[in-house]
2 protein chains.
Amino acid sequence: MTSPPAATRSDAARNRVRLLDAAAGLITERGSDVDVREIARRAEVGMGTLYRHFPTKEALLDAALEHVFTSWAAAASAALTGRAWSDLSRFLGDALTRQTASPGLLDAYCQALPGQAGNTARQHCRQQVGPLIAELVRAAHASGDLRPDITAEDVSLLLVALGRIAPVVPEPSWRRILHVSLDGLRASSATPLPHP
Amino acid sequence: MTSPPAATRSDAARNRVRLLDAAAGLITERGSDVDVREIARRAEVGMGTLYRHFPTKEALLDAALEHVFTSWAAAASAALTGRAWSDLSRFLGDALTRQTASPGLLDAYCQALPGQAGNTARQHCRQQVGPLIAELVRAAHASGDLRPDITAEDVSLLLVALGRIAPVVPEPSWRRILHVSLDGLRASSATPLPHP
DNA sequence: ACCGAAGCGGAGCAGCCGCTCCGGTAGGGT
DNA sequence: ACCCTACCGGAGCGGCTGCTCCGCTTCGGT
(Lines give C-alpha, C1' and ligand atoms only; values in the text may rest on other atoms or scores of the structure.)
Protein backbone atom coordinates (compact mmCIF):
# COMPACT_ATOMS: atom_id res chain seq x y z
CA MET A 1 0.00 0.00 0.00
CA THR A 2 2.33 2.65 1.28
CA SER A 3 4.92 2.33 -1.46
CA PRO A 4 8.29 3.71 -0.32
CA PRO A 5 8.34 7.44 -1.30
CA ALA A 6 10.28 6.60 -4.48
CA ALA A 7 13.63 4.91 -4.13
CA THR A 8 15.56 6.96 -6.71
CA ARG A 9 16.78 4.93 -9.62
CA SER A 10 20.49 4.14 -9.70
CA ASP A 11 21.17 5.76 -13.07
CA ALA A 12 19.40 8.91 -11.92
CA ALA A 13 21.65 9.21 -8.89
CA ARG A 14 24.76 8.56 -10.97
CA ASN A 15 23.81 11.19 -13.54
CA ARG A 16 23.13 13.72 -10.84
CA VAL A 17 26.63 13.29 -9.51
CA ARG A 18 28.09 13.46 -13.02
CA LEU A 19 26.30 16.74 -13.61
CA LEU A 20 27.54 18.22 -10.36
CA ASP A 21 31.12 17.16 -11.12
CA ALA A 22 31.01 18.52 -14.65
CA ALA A 23 29.51 21.81 -13.51
CA ALA A 24 32.04 22.19 -10.70
CA GLY A 25 34.90 21.48 -13.08
CA LEU A 26 33.79 23.92 -15.72
CA ILE A 27 32.86 26.68 -13.32
CA THR A 28 36.23 26.60 -11.62
CA GLU A 29 38.14 26.35 -14.91
CA ARG A 30 36.36 29.02 -16.86
CA GLY A 31 34.32 31.17 -14.49
CA SER A 32 30.63 31.37 -13.91
CA ASP A 33 29.42 31.83 -17.47
CA VAL A 34 29.30 28.29 -18.75
CA ASP A 35 27.19 26.88 -21.55
CA VAL A 36 24.65 24.36 -20.27
CA ARG A 37 25.25 22.26 -23.37
CA GLU A 38 28.88 21.95 -22.45
CA ILE A 39 28.06 20.87 -18.92
CA ALA A 40 25.75 18.19 -20.30
CA ARG A 41 28.39 17.08 -22.80
CA ARG A 42 31.11 16.74 -20.17
CA ALA A 43 28.72 14.85 -17.92
CA GLU A 44 27.89 12.57 -20.89
CA VAL A 45 24.25 13.33 -20.37
CA GLY A 46 21.43 14.90 -22.38
CA MET A 47 19.89 18.31 -21.89
CA GLY A 48 16.65 16.76 -20.69
CA THR A 49 18.50 14.95 -17.92
CA LEU A 50 20.16 18.14 -16.81
CA TYR A 51 16.90 20.02 -16.54
CA ARG A 52 15.11 17.17 -14.83
CA HIS A 53 17.62 17.23 -11.98
CA PHE A 54 17.92 21.00 -11.68
CA PRO A 55 15.13 23.47 -12.46
CA THR A 56 17.54 26.05 -13.85
CA LYS A 57 21.17 26.64 -14.70
CA GLU A 58 21.53 28.81 -11.62
CA ALA A 59 20.31 25.99 -9.40
CA LEU A 60 22.84 23.57 -10.85
CA LEU A 61 25.70 26.02 -10.41
CA ASP A 62 24.63 26.72 -6.84
CA ALA A 63 24.57 23.04 -5.99
CA ALA A 64 27.94 22.45 -7.65
CA LEU A 65 29.50 25.42 -5.89
CA GLU A 66 28.32 24.17 -2.55
CA HIS A 67 30.49 21.08 -3.04
CA VAL A 68 33.46 23.15 -4.17
CA PHE A 69 33.26 25.50 -1.21
CA THR A 70 32.81 22.67 1.23
CA SER A 71 35.96 20.92 0.05
CA TRP A 72 37.85 24.20 0.02
CA ALA A 73 36.89 24.83 3.64
CA ALA A 74 37.87 21.28 4.56
CA ALA A 75 41.30 21.56 2.92
CA ALA A 76 41.86 24.94 4.54
CA SER A 77 41.06 23.79 8.06
CA ALA A 78 43.23 20.72 7.59
CA ALA A 79 46.17 23.05 6.93
CA LEU A 80 45.88 24.89 10.23
CA THR A 81 48.94 24.79 12.45
CA GLY A 82 47.76 26.74 15.47
CA ARG A 83 50.13 29.64 14.92
CA ALA A 84 47.52 32.32 14.29
CA TRP A 85 49.26 34.82 12.04
CA SER A 86 50.93 32.26 9.81
CA ASP A 87 47.63 30.38 9.54
CA LEU A 88 45.87 33.53 8.39
CA SER A 89 48.45 34.50 5.82
CA ARG A 90 48.78 30.91 4.62
CA PHE A 91 45.01 30.73 4.24
CA LEU A 92 44.92 33.83 2.08
CA GLY A 93 47.88 32.72 -0.04
CA ASP A 94 46.40 29.27 -0.58
CA ALA A 95 43.00 30.70 -1.43
CA LEU A 96 44.56 32.93 -4.07
CA THR A 97 46.63 30.10 -5.49
CA ARG A 98 43.48 28.05 -5.74
CA GLN A 99 41.82 31.00 -7.45
CA THR A 100 44.70 31.25 -9.91
CA ALA A 101 44.04 27.73 -11.11
CA SER A 102 40.27 28.19 -10.98
CA PRO A 103 39.37 31.72 -12.03
CA GLY A 104 35.71 31.13 -11.27
CA LEU A 105 36.10 30.24 -7.63
CA LEU A 106 36.24 33.57 -5.88
CA ASP A 107 34.19 34.93 -8.74
CA ALA A 108 31.36 32.89 -7.32
CA TYR A 109 32.36 33.75 -3.78
CA CYS A 110 32.16 37.40 -4.70
CA GLN A 111 28.62 36.98 -5.99
CA ALA A 112 27.69 35.85 -2.53
CA LEU A 113 28.72 39.14 -0.94
CA PRO A 114 26.08 40.45 1.43
CA GLY A 115 23.72 42.97 -0.05
CA GLN A 116 23.98 41.60 -3.58
CA ALA A 117 20.72 41.43 -5.49
CA GLY A 118 19.07 38.01 -5.57
CA ASN A 119 21.53 35.16 -5.04
CA THR A 120 20.04 34.29 -1.70
CA ALA A 121 20.64 30.65 -2.59
CA ARG A 122 24.33 31.20 -3.18
CA GLN A 123 24.73 32.99 0.11
CA HIS A 124 25.02 29.68 1.88
CA CYS A 125 28.02 28.74 -0.23
CA ARG A 126 29.69 31.54 1.59
CA GLN A 127 28.68 29.96 4.87
CA GLN A 128 31.16 27.20 4.15
CA VAL A 129 34.15 29.53 4.26
CA GLY A 130 32.84 32.39 6.36
CA PRO A 131 33.09 30.64 9.73
CA LEU A 132 36.63 29.57 8.93
CA ILE A 133 37.67 33.15 8.26
CA ALA A 134 35.92 34.25 11.44
CA GLU A 135 37.89 31.66 13.38
CA LEU A 136 41.20 32.72 11.82
CA VAL A 137 40.47 36.33 12.66
CA ARG A 138 39.51 35.48 16.22
CA ALA A 139 42.71 33.52 16.77
CA ALA A 140 44.87 36.23 15.22
CA HIS A 141 43.22 38.82 17.45
CA ALA A 142 43.90 36.66 20.50
CA SER A 143 47.56 36.25 19.62
CA GLY A 144 47.86 40.00 19.22
CA ASP A 145 49.27 39.87 15.68
CA LEU A 146 46.17 41.18 13.89
CA ARG A 147 45.18 44.76 14.53
CA PRO A 148 42.08 44.68 16.73
CA ASP A 149 39.85 46.89 14.57
CA ILE A 150 39.82 44.39 11.69
CA THR A 151 36.70 42.25 11.28
CA ALA A 152 36.19 38.96 9.50
CA GLU A 153 34.15 40.90 6.97
CA ASP A 154 37.19 43.03 6.18
CA VAL A 155 39.29 39.95 5.55
CA SER A 156 36.61 38.43 3.32
CA LEU A 157 36.41 41.58 1.30
CA LEU A 158 40.16 41.80 0.96
CA LEU A 159 40.25 38.21 -0.21
CA VAL A 160 37.63 38.84 -2.85
CA ALA A 161 39.42 41.95 -4.06
CA LEU A 162 42.74 40.16 -4.43
CA GLY A 163 40.98 37.19 -5.95
CA ARG A 164 39.80 39.36 -8.78
CA ILE A 165 43.31 40.13 -9.92
CA ALA A 166 45.13 36.92 -9.03
CA PRO A 167 44.08 35.00 -12.17
CA VAL A 168 44.98 37.81 -14.58
CA VAL A 169 48.47 38.79 -13.46
CA PRO A 170 51.61 36.69 -12.92
CA GLU A 171 51.86 35.15 -9.46
CA PRO A 172 54.74 37.30 -8.17
CA SER A 173 52.65 40.41 -8.81
CA TRP A 174 49.67 39.42 -6.72
CA ARG A 175 51.93 37.97 -4.04
CA ARG A 176 53.43 41.43 -3.63
CA ILE A 177 49.99 42.96 -3.20
CA LEU A 178 49.01 40.28 -0.73
CA HIS A 179 52.22 40.94 1.17
CA VAL A 180 51.49 44.65 1.37
CA SER A 181 47.93 43.99 2.47
CA LEU A 182 49.11 41.65 5.20
CA ASP A 183 51.52 44.33 6.39
CA GLY A 184 48.53 46.64 6.62
CA LEU A 185 46.69 44.09 8.70
CA ARG A 186 49.47 43.81 11.29
CA ALA A 187 48.80 45.24 14.71
CA SER A 188 52.00 47.25 14.49
CA SER A 189 50.73 49.40 11.60
CA ALA A 190 47.45 50.38 13.20
CA THR A 191 45.96 53.73 12.20
CA PRO A 192 42.40 54.63 13.24
CA LEU A 193 39.92 53.08 10.81
CA PRO A 194 36.63 54.66 9.73
CA HIS A 195 34.07 52.82 11.87
CA PRO A 196 32.36 49.72 10.42
CA MET B 1 40.91 68.44 -60.16
CA THR B 2 42.60 67.92 -56.85
CA SER B 3 39.49 67.93 -54.70
CA PRO B 4 40.30 68.63 -51.04
CA PRO B 5 40.91 65.21 -49.33
CA ALA B 6 37.27 65.09 -48.17
CA ALA B 7 36.13 67.73 -45.72
CA THR B 8 34.00 65.47 -43.48
CA ARG B 9 30.36 66.33 -43.61
CA SER B 10 28.93 68.16 -40.61
CA ASP B 11 26.31 65.55 -39.69
CA ALA B 12 28.94 62.82 -39.85
CA ALA B 13 31.13 64.62 -37.34
CA ARG B 14 28.15 65.30 -35.07
CA ASN B 15 27.05 61.68 -35.14
CA ARG B 16 30.55 60.48 -34.37
CA VAL B 17 30.58 62.58 -31.22
CA ARG B 18 27.09 61.40 -30.26
CA LEU B 19 28.23 57.81 -30.57
CA LEU B 20 31.29 58.38 -28.42
CA ASP B 21 29.22 60.13 -25.74
CA ALA B 22 26.58 57.42 -25.71
CA ALA B 23 29.19 54.66 -25.55
CA ALA B 24 31.11 56.39 -22.76
CA GLY B 25 27.91 56.89 -20.77
CA LEU B 26 26.73 53.34 -21.08
CA ILE B 27 30.11 51.75 -20.48
CA THR B 28 30.63 53.66 -17.26
CA GLU B 29 27.08 53.08 -16.05
CA ARG B 30 26.75 49.41 -16.78
CA GLY B 31 30.20 47.97 -17.43
CA SER B 32 31.86 46.83 -20.59
CA ASP B 33 29.20 44.48 -21.93
CA VAL B 34 26.85 46.85 -23.67
CA ASP B 35 24.44 46.13 -26.50
CA VAL B 36 25.44 47.95 -29.68
CA ARG B 37 21.76 48.56 -30.42
CA GLU B 38 21.44 50.42 -27.14
CA ILE B 39 24.45 52.60 -27.91
CA ALA B 40 22.93 53.48 -31.27
CA ARG B 41 19.56 54.18 -29.67
CA ARG B 42 20.99 56.50 -27.04
CA ALA B 43 23.03 58.28 -29.69
CA GLU B 44 19.82 58.62 -31.75
CA VAL B 45 21.59 57.03 -34.67
CA GLY B 46 21.14 53.90 -36.78
CA MET B 47 23.23 50.76 -36.71
CA GLY B 48 24.68 51.52 -40.12
CA THR B 49 25.98 54.84 -38.86
CA LEU B 50 27.62 53.22 -35.90
CA TYR B 51 29.46 50.67 -37.99
CA ARG B 52 30.51 53.21 -40.62
CA HIS B 53 32.32 55.24 -37.98
CA PHE B 54 33.83 52.33 -36.10
CA PRO B 55 34.79 49.00 -37.66
CA THR B 56 33.79 47.03 -34.60
CA LYS B 57 32.20 47.35 -31.18
CA GLU B 58 35.60 46.98 -29.58
CA ALA B 59 36.94 49.93 -31.58
CA LEU B 60 34.06 52.15 -30.50
CA LEU B 61 34.51 51.23 -26.85
CA ASP B 62 38.24 51.84 -27.09
CA ALA B 63 37.72 55.28 -28.56
CA ALA B 64 35.08 56.16 -25.97
CA LEU B 65 37.25 54.93 -23.12
CA GLU B 66 40.14 57.03 -24.27
CA HIS B 67 38.02 60.13 -23.67
CA VAL B 68 36.89 58.88 -20.29
CA PHE B 69 40.40 58.08 -19.13
CA THR B 70 41.75 61.36 -20.41
CA SER B 71 39.23 63.38 -18.43
CA TRP B 72 39.80 61.23 -15.37
CA ALA B 73 43.54 61.88 -15.57
CA ALA B 74 42.90 65.60 -16.03
CA ALA B 75 40.59 65.81 -13.01
CA ALA B 76 43.05 63.84 -10.92
CA SER B 77 46.06 65.99 -11.73
CA ALA B 78 44.00 69.13 -11.08
CA ALA B 79 43.40 67.86 -7.55
CA LEU B 80 47.07 67.56 -6.66
CA THR B 81 48.21 69.61 -3.68
CA GLY B 82 51.92 68.85 -3.60
CA ARG B 83 51.79 66.94 -0.34
CA ALA B 84 52.81 63.55 -1.64
CA TRP B 85 51.16 61.09 0.69
CA SER B 86 47.85 62.88 0.89
CA ASP B 87 47.84 63.24 -2.89
CA LEU B 88 48.35 59.51 -3.31
CA SER B 89 45.65 58.48 -0.87
CA ARG B 90 43.26 61.11 -2.22
CA PHE B 91 43.87 59.86 -5.74
CA LEU B 92 43.01 56.31 -4.76
CA GLY B 93 39.93 57.34 -2.81
CA ASP B 94 38.67 59.53 -5.63
CA ALA B 95 39.30 56.84 -8.21
CA LEU B 96 37.27 54.36 -6.18
CA THR B 97 34.46 56.87 -5.64
CA ARG B 98 34.38 57.42 -9.38
CA GLN B 99 34.31 53.67 -9.85
CA THR B 100 31.40 53.37 -7.42
CA ALA B 101 29.30 55.61 -9.63
CA SER B 102 30.59 54.01 -12.84
CA PRO B 103 31.11 50.30 -12.28
CA GLY B 104 32.61 49.89 -15.74
CA LEU B 105 35.47 52.32 -15.35
CA LEU B 106 38.14 50.26 -13.63
CA ASP B 107 36.60 47.24 -15.26
CA ALA B 108 37.95 48.64 -18.51
CA TYR B 109 41.17 49.73 -16.84
CA CYS B 110 41.61 46.17 -15.61
CA GLN B 111 41.32 44.83 -19.13
CA ALA B 112 44.32 46.94 -20.01
CA LEU B 113 46.54 45.14 -17.52
CA PRO B 114 49.87 44.14 -19.05
CA GLY B 115 50.02 40.58 -20.30
CA GLN B 116 46.33 40.36 -21.08
CA ALA B 117 45.53 38.62 -24.34
CA GLY B 118 44.78 40.95 -27.26
CA ASN B 119 43.58 44.37 -26.14
CA THR B 120 46.68 46.03 -27.48
CA ALA B 121 44.46 48.92 -28.53
CA ARG B 122 43.08 49.44 -25.06
CA GLN B 123 46.53 49.47 -23.56
CA HIS B 124 46.89 53.11 -24.47
CA CYS B 125 43.83 54.01 -22.42
CA ARG B 126 45.98 52.97 -19.53
CA GLN B 127 48.68 55.35 -20.71
CA GLN B 128 46.41 58.21 -19.67
CA VAL B 129 46.45 57.24 -16.02
CA GLY B 130 49.69 55.25 -15.79
CA PRO B 131 52.04 58.24 -15.87
CA LEU B 132 50.00 59.98 -13.21
CA ILE B 133 50.32 57.02 -10.87
CA ALA B 134 54.03 56.83 -11.63
CA GLU B 135 54.37 60.49 -10.70
CA LEU B 136 52.42 60.06 -7.47
CA VAL B 137 54.59 57.10 -6.52
CA ARG B 138 57.79 58.97 -7.33
CA ALA B 139 56.75 61.95 -5.20
CA ALA B 140 55.69 59.74 -2.31
CA HIS B 141 59.01 57.92 -2.47
CA ALA B 142 60.85 61.25 -2.40
CA SER B 143 58.92 62.44 0.63
CA GLY B 144 59.75 59.22 2.42
CA ASP B 145 56.15 58.32 3.22
CA LEU B 146 55.80 55.44 0.76
CA ARG B 147 57.87 52.33 1.41
CA PRO B 148 60.65 52.28 -1.15
CA ASP B 149 60.07 48.77 -2.48
CA ILE B 150 56.65 49.67 -3.90
CA THR B 151 56.38 50.25 -7.63
CA ALA B 152 53.80 52.14 -9.67
CA GLU B 153 52.73 48.76 -11.00
CA ASP B 154 51.92 47.65 -7.45
CA VAL B 155 49.73 50.68 -6.91
CA SER B 156 47.92 50.15 -10.22
CA LEU B 157 47.23 46.56 -9.33
CA LEU B 158 45.99 47.50 -5.88
CA LEU B 159 43.68 50.09 -7.41
CA VAL B 160 42.23 47.56 -9.83
CA ALA B 161 41.72 45.02 -7.06
CA LEU B 162 39.88 47.50 -4.84
CA GLY B 163 37.97 48.79 -7.85
CA ARG B 164 36.50 45.37 -8.34
CA ILE B 165 34.76 45.41 -4.98
CA ALA B 166 33.98 49.12 -4.58
CA PRO B 167 30.79 49.08 -6.68
CA VAL B 168 29.33 46.02 -4.98
CA VAL B 169 29.72 46.86 -1.30
CA PRO B 170 28.65 49.90 0.72
CA GLU B 171 31.17 52.73 0.72
CA PRO B 172 32.28 52.42 4.35
CA SER B 173 33.31 48.82 3.71
CA TRP B 174 35.67 49.51 0.84
CA ARG B 175 37.00 52.62 2.57
CA ARG B 176 38.14 50.37 5.41
CA ILE B 177 39.97 48.09 3.01
CA LEU B 178 41.56 51.06 1.28
CA HIS B 179 42.63 52.40 4.66
CA VAL B 180 44.25 49.09 5.57
CA SER B 181 46.00 48.89 2.22
CA LEU B 182 47.35 52.41 2.64
CA ASP B 183 48.68 51.46 6.05
CA GLY B 184 50.46 48.58 4.34
CA LEU B 185 51.99 50.99 1.85
CA ARG B 186 53.47 53.24 4.52
CA ALA B 187 57.22 53.22 4.91
CA SER B 188 56.85 52.49 8.60
CA SER B 189 55.29 49.06 8.04
CA ALA B 190 57.96 47.80 5.65
CA THR B 191 58.57 44.05 5.59
CA PRO B 192 60.79 42.52 2.89
CA LEU B 193 58.75 42.00 -0.29
CA PRO B 194 59.18 39.12 -2.71
CA HIS B 195 61.20 40.70 -5.55
CA PRO B 196 59.28 42.09 -8.57
C1' DA C 1 10.30 -12.94 -17.90
C1' DC C 2 7.15 -9.12 -17.66
C1' DC C 3 5.63 -4.45 -17.72
C1' DG C 4 4.58 0.21 -15.98
C1' DA C 5 6.65 4.21 -15.00
C1' DA C 6 10.67 7.00 -14.03
C1' DG C 7 14.31 8.39 -16.66
C1' DC C 8 16.84 9.53 -20.89
C1' DG C 9 18.53 12.26 -25.02
C1' DG C 10 18.74 15.71 -28.32
C1' DA C 11 16.11 18.32 -31.88
C1' DG C 12 13.94 22.47 -31.65
C1' DC C 13 12.05 27.14 -29.85
C1' DA C 14 12.52 31.88 -28.49
C1' DG C 15 15.33 35.62 -27.55
C1' DC C 16 19.74 38.10 -27.62
C1' DC C 17 23.90 39.88 -29.85
C1' DG C 18 27.44 41.53 -33.20
C1' DC C 19 27.43 42.83 -37.73
C1' DT C 20 25.96 43.61 -42.88
C1' DC C 21 23.31 45.34 -46.72
C1' DC C 22 20.91 48.35 -49.45
C1' DG C 23 17.17 51.65 -50.69
C1' DG C 24 16.41 56.25 -49.43
C1' DT C 25 18.05 61.08 -47.83
C1' DA C 26 20.24 65.24 -47.57
C1' DG C 27 24.84 67.93 -47.55
C1' DG C 28 27.56 71.12 -50.11
C1' DG C 29 30.53 72.27 -54.23
C1' DT C 30 29.35 74.29 -58.61
C1' DA D 1 18.92 75.47 -58.39
C1' DC D 2 21.23 71.10 -59.44
C1' DC D 3 23.15 66.78 -58.85
C1' DC D 4 26.54 63.58 -57.31
C1' DT D 5 27.94 61.39 -53.63
C1' DA D 6 28.84 60.52 -48.85
C1' DC D 7 25.92 59.35 -45.42
C1' DC D 8 21.88 57.59 -42.94
C1' DG D 9 18.60 54.06 -40.94
C1' DG D 10 16.89 49.77 -39.64
C1' DA D 11 15.40 45.14 -41.35
C1' DG D 12 17.66 41.03 -41.49
C1' DC D 13 21.47 37.25 -41.12
C1' DG D 14 24.09 33.89 -38.63
C1' DG D 15 25.45 32.23 -34.37
C1' DC D 16 25.00 31.47 -29.47
C1' DT D 17 22.29 30.48 -25.06
C1' DG D 18 18.85 29.01 -21.70
C1' DC D 19 15.17 26.05 -21.71
C1' DT D 20 11.19 22.68 -23.35
C1' DC D 21 9.02 18.72 -25.44
C1' DC D 22 8.27 14.16 -26.58
C1' DG D 23 9.32 9.48 -28.47
C1' DC D 24 12.34 5.91 -26.90
C1' DT D 25 15.07 3.24 -23.28
C1' DT D 26 16.00 0.96 -19.21
C1' DC D 27 15.37 0.14 -14.27
C1' DG D 28 13.58 -2.73 -10.84
C1' DG D 29 9.47 -4.66 -8.25
C1' DT D 30 6.61 -8.69 -9.04
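Note on naming: letters A, B, ... go to the chains in the order of the sequence lines (proteins, then strands), and numbering restarts at 1 for each one. In this text, all values refer to a predicted model and were calculated from it rather than measured experimentally. No hydrogens, no waters, no symmetry mates; every other heavy atom, side chains included, goes into these values.
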Just verifying a value: how many Å separate A:Leu20 CG and A:Leu60 CG, rounded to the nearest 0.5 Å? 6.5 Å

To the nearest Å, how far apart are B:Leu61 CG and C:dC17 C1'? 13 Å

Scanning both residues in full, the closest heavy-atom pair of B:Trp174 with B:Ala166 reads CD1-O, 3.4 Å

Rounding to an integer number of Å, can you tell me how far A:Asn15 CG sits from C:dC8 P? 5 Å

Whole angstroms only, please: what is the CZ-P distance between A:Arg16 and C:dG9? 16 Å

Separation of C:dG7 atom C1' from A:Phe54 atom CZ, nearest Å, is 15 Å

A:Val36 side chain, from C-beta outward: closest of C:dG27, D:dG18, C:dG18: D:dG18

Nucleotide nearest A:Asp35 when distance is taken to its side chain, options D:dA6, D:dG18, C:dA5: D:dG18

Could you check how far CZ of B:Arg41 sits from P of D:dA11, rounded to whole Å? 12 Å

For atom CG of B:Leu26 and atom C1' of C:dC17, their distance in whole Å: 15 Å

Among C:dG27, C:dG7, D:dG18, which nucleotide has an atom closest to any side-chain atom of A:Tyr51? D:dG18

Would you indicate which nucleotide in D:dT20, C:dG27, D:dT26 comes nearest to any side-chain atom of B:Ser10? C:dG27

I'd like to know if the side chain of A:Asp154 pairs up with that of A:Thr151 as donor and acceptor (distance under 3.5 Å, no hydrogens or angles considered). yes

Quick one: on DNA chain D, does A:Arg37 or B:Val45 contact a more 5' nucleotide (nearest heavy atom)? B:Val45

Let me know the distance between CG of A:Leu60 and P of D:dG18, rounded to the nearest Å. 11 Å

Rounded to whole angstrom units, what separation is found between the CG atom of B:Asp11 and the C1' atom of C:dT25? 10 Å

Which of these nucleotides, D:dC7, C:dG9, D:dG18, is closest to any side-chain atom of A:Thr49? C:dG9

